[in-house]
Amino acid sequence: MGENSNVKLPPGFRFDPTDEELVVHFLQRKAALMPCHPDVIPDLELYPHDPWELDGKALCEDNQWYFYSRRIPIRSASNGYWEPMGIDEPVVNSINKRVGMKRYLVFYIGEGPAAFKTNWIMQEYSLSVSDSGTGKLSKRSGHSKIDYSKWVVCRVYERNCSEDEDDDETELSCLDEVFLSLDDMDEISLPLNEL
């Protein structure tokens, strides 16, 4: 597990779930208000957080962060927003029955047409409508009536910046590239300030 993880698993155990396992063994149980064993994935209100702020807040394994969140239409963060990539894939179980959907989103820094696309990717897993939790009031647990069918489980990671570049070029992180481009904009605007 990552250094900042709250979960203590025995040495040698790794959190590396398949898409089916994320939906069937984690998200379905969450939506049905059933305990998850082990309870390793935290609840996190994603959208106030930029993806590089997830360390210590979400479950981290091999530079991938996992967490439950509520699905909301506007996915804004402190310094940008998550934009769907237009790629939705069905998640199927071992008998080829659809159990959920996987949506891909990419993080943009800034707003509107001036926003910079980053290499931060989120895979957002949701339940198929027929498999959603009922969200009914649990008499034993005393939970308030919440529509748990809107829960999603997310996997966030930063795609390697050099995948599309030549191996000879100096490798910069995606944030370094954004900040360098912002520095260039300051240099361009400098002569206009002197007028």
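Keep in mind that the numbers below use all heavy atoms, side chains included, and drop hydrogens, waters and symmetry copies.
Across all their heavy atoms, Glu20 and Ser94 have their closest contact at OE2-N, 3.6 Å. For Glu53 against Pro48, the heavy-atom pair with the smallest separation is OE1-O, 4.3 Å. The two residues Trp120 and Trp82 have their closest heavy-atom pair at O-CZ3, 3.6 Å. Of all heavy-atom pairs spanning Leu27 and Val153, the tightest one is CD1-N, 3.9 Å.
If you check the side chains of Arg155 and Tyr125, you find a donor sitting under 3.5 Å from an acceptor.
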Walk me through whether Glu124 and Arg75 qualify under salt bridge (charged side-chain N to carboxylate O under 4.0 Å, His left out). CA-CA 12 Å; Glu124 182 184 79; Arg75 296 174 174 96; 3.2 Å; yes
Verdict with reasoning, Tyr81 to Glu83, per side-chain hydrogen bond (donor to acceptor under 3.5 Å, both in side chains): CA-CA 6 Å; Tyr81 59 94; Glu83 179 73 27; 4.9 Å; no
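A donor-acceptor contact shorter than 3.5 Å links the side chain of Arg29 to the backbone of Pro35. Side chain of Asp50 to backbone of Asn79: a donor-acceptor contact under 3.5 angstrom is found.
Lys30 and Asp43 are joined by a salt bridge, as a carboxylate oxygen and a charged side-chain nitrogen come within less than 4.0 angstrom of each other. Note on Glu89 versus Lys102: salt bridge recorded, some NZ/NE/NH1/NH2 to OD/OE distance being below 4.0 Å.
Partner of Leu59 under the side chain to side chain contact (heavy atoms under 4.5 Å, CB included) criterion, chosen from Ile41, Leu44, Leu54: Ile41.
When the ring pair (Phe, Tyr, Trp, His ring centres under 6.0 Å) test is applied to Tyr157, no partner is found at least two apart in sequence or on another chain.
Under a hydrophobic clustering in which Ile, Leu, Val, Met, Phe, Trp and Tyr are joined whenever their side-chain heavy atoms come within less than 4.5 Å, directly or via other members, Val23 and Trp151 fall into the same cluster.
In this structure, Phe26 has its ring center closer than 6.0 angstrom to the ring center of Phe15.
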